[in-house]
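What follows is a set of notes on a single structure, which appears directly below.
No hydrogens, no waters, no symmetry mates; every other heavy atom, side chains included, goes into these values.
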Amino acid sequence: MKESTQGTEPIGQNLIKLISNLCFSVFVFSVLVFTVIAITYQPPDPWLESAPALTKLFTQNENATFKNDDSILKTGEDMVPVVVAPSIAPSLSNPITELAIEKSESLINDSSTQLNCEDLEKVNCSDPRALIAIERFNLKVFKSIVFLEYQTPVNGSKPDECDVMWRFRNKKEKSWRKYRDFRRFKLTFGENCTYEVAHAGGWHSGVNARRFRTRIGNGTRSRLAPQPPRDDQINDTIPSLGSETSFRRGRYLYYSRGGDYCKGMNQYMWSFLCGLGEAMYLNRTLVMDFSICLAATYNPSNKDEEGKDFRYYFDFEHLKEAAPVVEEGEFLRDWKKWNRSHKRKVPVRKVVTHKVTPMQLKKDRSTIVWRQFDAPEPENYWYRVCEGQASKYIQRPWHALWKSKRLMNIVTEISGQMDWDFDAAHVVRGAKAQNKELWPHLDYDTSPDMLIEKIKGMVRPGRHLYIATNEPYYNYFDKLRSQYKVHLLDDYNVLWGNTSEWYNETMQLNNNRPVEFDGYMRVAVDTEVLYRAKTKVETFYNLTKDCKDGVNTC
């Protein structure tokens with residue numbers, strides 16, 4: 001009996017060891033599998049996915065593709081990480097920080113003789129110490145912007161005042177673009193005879209630091225006259241193709257006008273970026289038609305308006321840096337010039353259907369691939385080129401399409417006048433508020449009394465409150481004024497009036513004819529001011545339980 005017990009003990013122990021080893025092996029294998037999955041798995045990038053996936057992303061918040069959602073308008077700088085151009089990367093990689101100020105202060109102290117308080121009888125705006133005091137003050141007060149460079153301060157209107165201009169960008173903007181401000185500062189002397197800021201003026205108060213353009217008149221009585229300053233950060237001139245040889249050596253993708261013309265701006269962007277994406281895939285230069293037809297929904301006349309310049313709405317300078325493009329007029333002139341002066345014509349491949357895929361054109365050596373869209377709608381939409389199998393190869397370059405810098409200057413001016421410290425409410429009304437079948441509660445939920453009740457729960461009374469809205473009646477939000485410092489886009493109409501920088505520069509693009517500040521521009525500006533707010537109140541998330549796209553679509 002004893003021998004039997006002794007014989008069974010090793011078997012039990014071995015069995016336990018076997019089970020333990022098996023469990024441990026399963027555990028190790030599971031960890032190994034999990035580790036491999038964690039390392040190799042990459043979540044789908046919507047910007048590299050197929051057209052349907054990108055359509056879903058682009059439309060899931062705005063329901064914008066091929067529909068005129070005029071409440072929010074997104075472009076590339078709102079959706080994708082910034083791609084910094086090498087030429088301006090140094091200025092962005094070295095913003096003015098407290099550490100940079102301390103280094104500058106240390107260098108000044110090492111290179112300068114020690115000053116007595118008696119030497120500082122009055123403010124010297126050219127003293128580097130004065131600028132350091134202003135830089136330090138700005139860093140403390142304006143926490144939502146990045147300071148990039150300052151000019152040397154100049155005298156203000158009083159002996160203790162200095163005017164200074166600087167370049168900056170907003171932390172919430174995903175582009176590298178710079179903006180300017182110039183303010184007036186009242187300086188005093190603190191302990192150890194250091195400069196201190198006693199008071200700072202508002203947006204663009206430092207007029208003596210403002211750069212003026214000059215205009216020289218004709219005749220013997222000509223004189224210099226100050227003009228509104230031109231933004232020297234804008235260069236949207238149309239580049240030339242160069243010599244005939246340069247034209248012949250180029251490879252071009254030319255889209256003739258299709259059914260997208262006079263459709264909503266979201267469809268225009270979707271189709272335009274399809275063409276640009278195909279051009280980049282084919283390693284060709286896209287021939288651009290600068291003439292845009294603005295759909296009736298954006299116009300007070302409720303009629304389509306042709307002849308709008310691309311540069312009114314989008315940043316052509318950034319586009320031509322980010323992608324190979326050429327203006328249609330320049331291209332056609334050079335093409336005709338070549339054909340007139342040479343017996344051998346330029347090789348052209350005409351493509352009359354979108355069913356000829358970009359992949360089939362990849363090896364085509366023709367100088368010009370000319371896509372023609374003469375079929376009936378919807379077969380003549382540009383975006384059809386990027387559907388089906390092509391969607392796996394064509395990536396829409398959203399990073400290349402930004403809003404116009406001129407419009408963004410207006411956004412910056414509005415935000416700056418509120419000292420970058422404001423909240424915003426996006427109040428959608430218009431046709432949706434009138435359509436009780438799809439939005440049964442929207443009209444009531446966005447009534448003045450309900451707005452006060454709901455916004456008070458999210459925004460502290462007394463704050464600057466910017467209202468981005470399509471409500472046409474200006475006084476509709478007057479009840480909110482008892483609780484907030486209310487701002488509407490029309491409060492700033494001087495920024496596009498006939499004495500403004502925007503007015504003068506868009507006139508130059510339009511053969512010296514005035515340009516209307518249309519509905520699309522208004523929504524573009526509203527959108528970007530809304531994005532810069534510290535607290536954002538949204539209609540379909542905060543103010544009403546109605547679904548954004550109508551009943552049963554939430």
Side-chain angles (χ1 to χ4, degrees), residues 96 101 104-105 108 112 115-145 147-168 178-217 223-233 409-410 412-422 464 485 487 491-504:
I96 297 172
I101 293 173
S104 298
E105 192 173 34
I108 292 170
S112 303
L115 292 176
N116 296 319
C117 292
E118 298 173 356
D119 298 329
L120 300 177
E121 295 179 355
K122 63 178 183 178
V123 171
N124 178 8
C125 294
S126 61
D127 189 336
R129 297 174 182 84
L131 178 58
I132 283 177
I134 293 171
E135 290 176 345
R136 190 164 274 142
F137 175 87
N138 281 348
L139 277 182
K140 184 182 297 185
V141 173
F142 304 115
K143 297 184 182 298
S144 61
I145 62 178
F147 294 92
L148 301 174
E149 57 185 276
Y150 283 86
Q151 292 182 10
T152 301
V154 299
N155 294 332
S157 59
K158 296 179 180 179
D160 60 350
E161 292 178 344
C162 296
D163 291 2
V164 62
M165 176 185 279
W166 60 82
R167 296 279 184 184
F168 68 94
K178 299 179 184 178
Y179 302 92
R180 65 173 183 263
D181 191 8
F182 39 90
R183 301 200 181 207
R184 178 161 293 172
F185 296 86
K186 181 178 180 179
L187 299 181
T188 60
F189 298 108
E191 295 180 5
N192 302 322
C193 310
T194 56
Y195 284 100
E196 292 182 355
V197 175
H199 174 75
W203 173 263
H204 280 20
S205 57
V207 293
N208 291 350
R210 182 180 186 176
R211 288 179 176 176
F212 284 97
R213 286 189 295 171
T214 58
R215 180 177 62 194
I216 303 176
R223 63 186 179 88
L224 297 178
Q227 297 292 308
R230 187 182 187 279
D231 187 347
D232 56 13
Q233 297 288 311
N409 283 339
I410 293 176
T412 301
E413 181 106 15
I414 293 172
S415 303
Q417 288 193 28
M418 293 185 283
D419 279 338
W420 308 100
D421 185 17
F422 65 95
H464 288 288
K485 300 169 187 174
H487 302 258
D491 294 332
Y492 300 92
N493 56 20
V494 67
L495 300 180
W496 59 86
N498 59 10
T499 60
S500 68
E501 177 181 340
W502 180 89
Y503 181 90
N504 291 332

Atom pair CG/CD of Asp181 and Gln417 - distance to nearest 0.5 Å: 10.0 Å
Main-chain N/O of Glu413 paired to Tyr179 side chain as donor or acceptor, under 3.5 Å: no
For Leu131 against Gln151, the heavy-atom pair lying closest together: CD1-O, 4.2 Å
CD1-CG distance between Ile134 and Leu187, expressed to the nearest 0.5 angstrom: 5.0 Å
Residue among Arg184, Arg183, Arg210 satisfying side chain to side chain donor-acceptor pair (under 3.5 Å) with Asp163: Arg184
Closest approach of Tyr503 to Gly497 (non-hydrogen atoms, all atoms of both residues): CB-O, 3.0 Å
Straight-line distance of Thr499 OG1 to Asn504 CG, nearest 0.5 Å: 8.0 Å
Nearest-0.5 Å distance that lies between atom CD1 in Ile96 and atom CD in Glu149: 8.0 Å
Any donor-acceptor N/O pair, Asp127 side chain to Arg129 backbone, under 3.5 Å: yes
Verdict with reasoning, Asp160 to Thr188, per side-chain contact (heavy atoms from CB on, under 4.5 Å): CA-CA 7 Å; Asp160 60 350; Thr188 60; 5.8 Å; no
Side-chain heavy atoms of Tyr492 within contact of Ile410, under 4.5 Å: no
Nearest non-hydrogen partners of Cys162 and Pro153, listed with the distance: CB-CB, 4.2 Å
Test salt bridge (Lys or Arg N to Asp or Glu O under 4.0 Å) applied to Glu105 - qualifying residues, sequence neighbours left out: Arg136
Side-chain touch Trp420/Thr412, heavy atoms, less than 4.5 angstrom: yes
Parallel, tilted or perpendicular: rings of His487 and His464 (30°, 60°): tilted
Check: Asn155 main-chain N/O paired with Asn208 side-chain donor or acceptor under 3.5 Å: yes
Distance, nearest 0.5 Å, that separates NZ of Lys178 from CG of Leu148: 6.0 Å
Heavy-atom pair of closest approach, residues Ser500 and Val494: CB-O, 3.4 Å
With Asp491 via salt bridge (Lys or Arg N to Asp or Glu O under 4.0 Å) - residues at least two apart: none
Sub-4.5 Å side-chain heavy-atom contact between Phe189 and Tyr195: yes
Smallest separation among heavy atoms of Thr152 and Ser126, with atom names: CG2-CA, 4.3 Å
Phe185 and Trp166 aromatic ring geometry - parallel, tilted or perpendicular at 30°/60° bounds: tilted
Considering all heavy atoms, the nearest Asn138-Tyr150 contact: ND2-OH, 3.0 Å
